[in-house]
Each structure stands twice: as structure tokens, then as C-alpha cells.
Visitor: 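Got a structure for you, written out below as C-alpha cells; questions coming shortly.
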Amino acid sequence: MPELPEVEAIRRHLASTLTNMSIDRASVRRRDVIRDLGGRRRGRLHPADLGVGRRVEMVDRRGKQLIVRLEDGIGIVIRLGMSGRLELHPRGSRSTSPHRHVVWMLRGAGTSPETRLDFIDPRRFGGVHLAQSPSDLEERLLAGLGPEAHTIAPETLYDRLRRTSRSIKTAMLDQSVIAGVGNIYADEVLFAAGVHPNQPANTISRPQVKRLADALRVILQKAIEQGGSTIQSHTLPDGGVGNFASHHKVYGRGGLPCTRCGDSLDRVVLGGRSTTFCATCQGVHPHG
DNA sequence: CTTGCGTCCTGCTCGC
DNA sequence: TGCGAGCAGGACGCAA
């Protein structure tokens, strides 16, 4: 569910709290959210797999994935899927969610109180992946991801879009092309760049690519600063909500007037995903 | 190899 | 008020 800005906002919260804390213990309430690095649901589980006994060195993000880096090159990768979220609570506080699948207890140096990290995911499209070594992490999980969407250079984006004849929207949602864009920001970026979502990626012109790369940088960065877009279940680990949804120009606005020209926004299904755009401002395949 | 479609899940909203 | 249909921020597996 969350896209790059939401995951980045979550990462910042987790990093400020969890860095240098040690994992005292962990428990798994639903085994099927634990995945191997290929994404398959995992059978057996050893406590060390969840980082028990190790210190958190940093919390990273790659695309939509969170990476809790522990001592000895071990990493826990968390994908939130459509409905996943992470919550931080003081030890002992009650949780009301029936979908709390993984729980970690962490403690800082000395006698500091324990903090609890909950992984909650009603639909269970998300999951917790376990990497036993840096090579596991890089070669099998993070490989195959394209460049970060908010910092990609126009020339790099151009080269990558040349490789596929799929629609530009489908290509932007493909994490191996660029990493971090989901359905909200794909529509927002295409609108800002004035590009029709159905235009084949390999026909996107250099001026269009420049506008797309600019829009990716500006929109994603702004959304990060606003704490992401809260549509339904996106919340930050402290319970706060993101404020970027009020800036959406097209997502969720099908049938409403375009903020730029006033014409009614179109809503279609493209690649199985709801797609909203302005046929006037994002005219058909303008190639430039 | 690439591409498009079905599937995995629960919860919420809307119309009857 | 209840009930079913439709929809949801993602990404994998599979068949053509």
C-alpha cells in the first residue's frame, strides 16, 4: 500500500527510535507473513532469523522496502504490501488489532525501557523477509530493483523506458524499471508531466522524460516532507497521519473537474489498476 | 524473452 | 438496519 514517500516517512520514525537498540525477543503470530528471500511463505523459523540478540545499526529503505540492518550483516526486510503498517509502543501497552502478525521487543543501552514494534497487515500481501548475510540481501532481494524514483536522472529514465512497449503507467509501476512508485504517485506524476498514461513507454520523447523525471523528484520529495499520503490505513509508527493526500490532483478524483482545465477527469482501468487522468491536459500520445 | 491476467486477503463504502 | 457488490496504496505465478 504505501509508496516511496510513505515508506520513507516510516523509515525516519523507525530510525530515530530503533537505531542502537537491541532485539530482546520476537514472536510470530501468523507464520505465513514470514517469507524467504524469494518471497515464498516460509515453514520453519528460528528466533535468530528475526534478529533476536542483535543490535539495530540502521534502518534503510530501497524502493518500497524497509531494511532493518543488524549487526553481522543480517537484515530484516519488511514489505508493507497494500495494508501493512508498523507501530511503535511502550512495552505492555495493549494492542487491539487482530492482524498483528509479528512483534519485536527492543531495548536500548543500560536500563532503558523496552519498546515494542508491531507488524500489522490485515490483507497479508506484505511480509517480513529474512536475510542472513549481506550477499543474501543484495543478490537475492534488492537486485532487480530499478533506480530510486525520486532521484533518477532523465538520461537513465529514458534508457529504461526504451526497453519496453508497455504503457508508461505500467512501466512506472514496475519496480524493476524504477523503484518506489505505486498507483497514487504514478497518476500524479503523469498528470504533472502532461503524459497520457497509455502511451507506450518506448515512444516517450526526451522532453517528456525530462518532465517525468522532474515530476518524480518534486512530487515524491514534497510528499516525503508531508509524511506521505494517508488514504485509509497508512499511519506513521507513532500513530500520526500523512498530509499529502490533500495535494492530490487526480488520484481518487475521477469524474471531478481537472484542477488545470476544468474538464471532467477520466477514470479507466490500466494494467489492472484504477487510473485517473485528464484527457485534455494529458492528450493522446503527444510525443513531446 | 516479454506481456497481460488471475490471484492472494480483509475491510470499507455505497446502493438497494 | 442488513446485505452483497465493488473497490483498495502491491506484486507474484503462470500461460500465451
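To find a chain, count down the sequence lines: A is the first, B the second, and so on, and within it residues start at 1. Keep in mind that the numbers below use all heavy atoms, side chains included, and drop hydrogens, waters and symmetry copies.
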Visitor: Please measure how far the P atom in C:dC14 lies from the corresponding atom in B:dC9, and state the result in whole Å.
Guide: 15 Å
Visitor: Measure the distance from CZ on A:Arg273 to P on C:dA11 and round it to the nearest whole Å.
Guide: 8 Å
Visitor: Using the P atom as the point on both nucleotides, what is the distance between B:dC1 and C:dA11, in whole Å?
Guide: 22 Å
Visitor: Roughly how many Å is it from CD in A:Gln65 to P in C:dC12, rounded to a whole number?
Guide: 9 Å
Visitor: Round to a whole Å and report the spacing from CD1 of A:Ile184 to C1' of C:dA8.
Guide: 10 Å
Visitor: Return yes if a side-chain donor-acceptor contact under 3.5 Å exists between A:Ser274 and A:Arg267, otherwise no.
Guide: yes
Visitor: Whole angstrom is fine here: how far is it from CZ in A:Arg123 over to P in C:dA8?
Guide: 10 Å
Visitor: Of all the nucleotides listed (C:dG10, B:dG11, B:dC9), which has the minimum atom distance to the side chain of A:Arg124?
Guide: B:dC9
Visitor: Specify the separation, in whole Å, of atom CZ of A:Arg85 and atom C1' of B:dG11.
Guide: 12 Å
Visitor: Does the side chain of A:Ser133 come under 3.5 Å of the side chain of A:Ser135 through a donor N or O and an acceptor N or O?
Guide: yes
Visitor: Pairing donors with acceptors under 3.5 angstrom, does anything connect the side chains of A:Ser165 and A:Asn202?
Guide: no
Visitor: Look at all strands and tell whether A:Arg267 reaches a base, only sugar-phosphate, or nothing, counting heavy atoms closer than 4.0 Å.
Guide: sugar-phosphate
Visitor: Fill in the dot-bracket string of DNA chain C, one character per base: . for unpaired, | for a pair to another strand, ( ) or [ ] for pairs within the strand, taking Watson-Crick or G-U pairs under 3.5 Å.
Guide: .|||||||.|||||||
Visitor: Mind calculating the distance between CG (A:Leu80) and C1' (C:dA11) to the nearest angstrom?
Guide: 13 Å
Visitor: Closer than 4.0 Å, any side-chain N/O of A:Gln175 to the OP1 or OP2 of C:dG10?
Guide: no
Visitor: Does this structure show an ion pair linking A:Arg162 with A:Asp159, if we count only N-O contacts that are shorter than 4.0 Å?
Guide: no
Visitor: What residues, two or more places apart in sequence or in another chain, satisfy side-chain hydrogen bond (donor to acceptor under 3.5 Å, both in side chains) together with A:Gln65?
Guide: A:Arg79
Visitor: Would you call A:Asp32 and A:Arg124 a salt bridge, taking side-chain N to carboxylate O under 4.0 Å as the test?
Guide: yes
Visitor: State, without any angle test, whether A:Asp263 and A:Thr280 hold a side-chain donor-acceptor pair at a distance under 3.5 Å.
Guide: yes
Visitor: Atom CZ of A:Arg30 to atom P of B:dC8: distance rounded to whole Å?
Guide: 14 Å
Visitor: Let's go through A:Lys249 and A:Asp187 carefully: what are the C-alpha distance in whole Å and the side-chain angles of both, what is the deciding distance for salt bridge (charged side-chain N to carboxylate O under 4.0 Å, His left out) to 0.1 Å, and is it a yes or a no?
Guide: CA-CA 9 Å; A:Lys249 298 276 199 296; A:Asp187 281 6; over 6 Å; no
Visitor: Do A:Gln208 and A:Tyr158 have side-chain atoms, one donor and one acceptor, less than 3.5 Å apart?
Guide: no
Visitor: Between P on C:dA8 and CG on A:Asp121, what's the gap in Å once rounded to a whole number?
Guide: 18 Å
Visitor: Taking OP1 and OP2 of C:dC12, is either one under 4.0 Å from a side-chain nitrogen or oxygen of A:Arg79?
Guide: yes
Visitor: Remember a base hit wins even if backbone is also touched, and classify A:Gly182 as base, sugar-phosphate or nothing at under 4.0 Å, heavy atoms.
Guide: sugar-phosphate
Visitor: Looking at C:dC12, B:dG11, C:dG10, which one has an atom nearest to any side-chain atom of A:Pro122?
Guide: B:dG11
Visitor: Determine: side-chain N/O of A:Ser274 to OP1/OP2 of C:dC7, distance under 4.0 Å, yes or no.
Guide: no
Visitor: Quick one, which residues of residues 164-173 of chain A touch DNA chain B with a heavy atom under 4.0 Å?
Guide: A:Thr164, A:Ser165, A:Arg166
Visitor: Using 4.0 Å as the upper bound for N to carboxylate O, is an ion pair formed by A:Arg54 and A:Glu71?
Guide: no
Visitor: Hey, is A:Phe125 stacking on B:dC9? Ring centres under 5.5 Å, planes under 30°.
Guide: no
Visitor: Within the pair A:His99 and B:dG11, is there a side-chain N or O less than 4.0 Å away from OP1 or OP2?
Guide: yes
Visitor: Look at all strands and tell whether A:Tyr251 reaches a base, only sugar-phosphate, or nothing, counting heavy atoms closer than 4.0 Å.
Guide: sugar-phosphate
